[in-house]
Protein chains: 2
Amino acid sequence: MNVQFKKGALELCVLSKLLRKDCYGYELTDALSQRMVIATGTLYLILKRLRDDAYVETYLVESAEGPARKYYHLTEKGRKYQMKLKEEWMDFVQTVQEIIDESTSTR
Amino acid sequence: MNVQFKKGALELCVLSKLLRKDCYGYELTDALSQRMVIATGTLYLILKRLRDDAYVETYLVESAEGPARKYYHLTEKGRKYQMKLKEEWMDFVQTVQEIIDESTSTR
DNA sequence: TTGTTCTATATTTTATCACTAACTATTATA
DNA sequence: TATAATAGTTAGTGATAAAATATAGAACAA
């Protein structure tokens, strides 16, 4: 799996997951791992950044299956950020697609 | 413009441009700059990597408007690499799109 | 009961690598 | 001489990878 492609896009994936419901770190890693390859510690760094920037808030919930789970909850600021990132991503993807298409179809 | 999104995708854009026709560095920078924001030196680094990996070959052509232009030509290896990268990119983009869609539509 | 091991979970540290910013250098032309 | 067209380099930044460490609970053996 191409490492570089994930730069920035992983953040959008995390934000999008949290848009739907609060999740804890391990749960997010697990869920995203089913769709793409990600290293174990990666999401924690992303989540830390998101929290430092007040895009998410956290709370602990005791678990019967291991250490307490740290849940991440999207703030209003985080929700807006997700929308902005999503738009930027989709714009960018479209631009790249156009460049790809031009080089093949029109030849 | 989100810097991170470009990681890896710029390479695909350059390869795609070269798929259509040989280009010189300044020309590529100029063309891509009309669609997205890129720093002046960026493409030269990408082109150097591509050449080091034998994805492109170069030749000089004298110009009446400045210093000689260094043209980049995609090799067979480069053409295959473009196809592979393109597929990886499109797969990845689709995965991200699914994750985004799930969090919004199904809520 | 005690100790061991496994799983779930969180966190940290070091390294890598692509892009940015900001340069230098060269040729032709006005 | 200044400007535009062109090539190239260097230091820095920031996101992800890889590989640890840490802890709580469950299962199991001695």
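Every chain is numbered from 1 and lettered A, B, ... according to where its sequence line falls, protein lines coming before strand lines.
Non-hydrogen atoms lying under 4.0 Å from DNA chain C are contributed by A:Glu65, A:Pro67, A:Ala68, A:Arg69, all within residues 59-69 of chain A. For residues 84-93 of chain A, proximity to DNA chain C is found at no residue, defined as any non-hydrogen atom under 4.0 angstrom from a strand atom.
Residue A:Leu74 forms a side-chain contact (heavy atoms from CB on, under 4.5 Å) with just one option from A:Val56, A:Val14, A:Leu50, and that option is A:Val56.
When the shell of 6.0 Å around NZ of A:Lys48 is examined, it contains 12 or fewer heavy atoms from other residues, nucleotides or ligands. Within 6.0 Å of NZ on A:Lys77 lie more than 12 heavy atoms contributed by other residues, nucleotides or ligands.
A residue-by-residue look at A:Met1 and B:Glu27 shows that B:Glu27 has its nearest nucleotide of DNA chain D further toward the 5' end.
Between B:Thr95 and B:Ile99, some side-chain heavy-atom pair lies under the 4.5 Å cut-off.
Rounding to the nearest 0.5 Å gives a distance of 9.5 Å between CD of A:Gln4 and NZ of A:Lys6.
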Inset, instruction - Evaluate the side chain to side chain donor-acceptor pair (under 3.5 Å) criterion for residues B:Glu11 and B:Tyr81: first the C-alpha distance (whole Å), next the side-chain angles of each, then the deciding distance (0.1 Å), finally the verdict. - result: CA-CA 10 Å; B:Glu11 188 178 62; B:Tyr81 183 51; 2.8 Å; yes
Inset, instruction - Starting from the C-alpha separation in whole Å, work towards a yes-or-no answer on side-chain contact (heavy atoms from CB on, under 4.5 Å) for B:Met1 and A:Phe92. - result: CA-CA 9 Å; B:Met1 154 141 263; A:Phe92 181 72; 3.6 Å; yes
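The footprint of chain A on DNA chain C, defined by a heavy-atom cutoff below 4.0 Å, extends from C:dA8 to C:dA18.
No donor-acceptor pair closer than 3.5 Å links the side chain of B:Ser16 to the backbone N or O of A:Ile100. A donor-acceptor pair under 3.5 Å is absent between the side-chain atoms of A:Ser63 and the main chain of A:Arg69, judged by distance alone.
One atom, OH of B:Tyr71, and another, C1' of D:dA7, lie 14 Å apart when rounded to the nearest Å.
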Legend entry - Contact state string [nucleotides 8-16 of chain D, B base, S sugar-phosphate only, - no protein heavy atom under 4.0 Å]: BBB---SBB
Side-chain donor-acceptor contacts of residues 83-91 of chain A below 3.5 Å, not counting sequence neighbours, with atom names and distances?
none

Tell me which donor-acceptor pairs under 3.5 Å the side chains of residues 29-47 of chain A have, and how far apart each pair is, sequence neighbours excluded?
residue, atom, partner, partner atom, Å
A:Thr29, OG1, A:Gly25, O, 3.2
A:Ser33, OG, A:Thr29, O, 2.7
A:Arg35, NH1, B:Glu102, OE1, 3.4
A:Arg35, NH1, B:Glu102, OE2, 3.3
A:Arg35, NH2, B:Glu98, OE1, 3.2
A:Arg35, NH2, B:Glu102, OE2, 2.9
A:Thr42, OG1, A:Ala39, O, 3.3
A:Tyr44, OH, A:Tyr26, N, 3.4

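Checking A:Tyr72 against A:Glu27 by side-chain atom types alone, no donor-acceptor pair falls below 3.5 Å. A donor and an acceptor atom, one from each side chain of B:Tyr59 and B:Asp22, are located under 3.5 Å apart.
At D:dT6, one or more side-chain N or O atoms of B:Tyr24 fall inside 4.0 Å of OP1 or OP2 (strictly under the cut-off).
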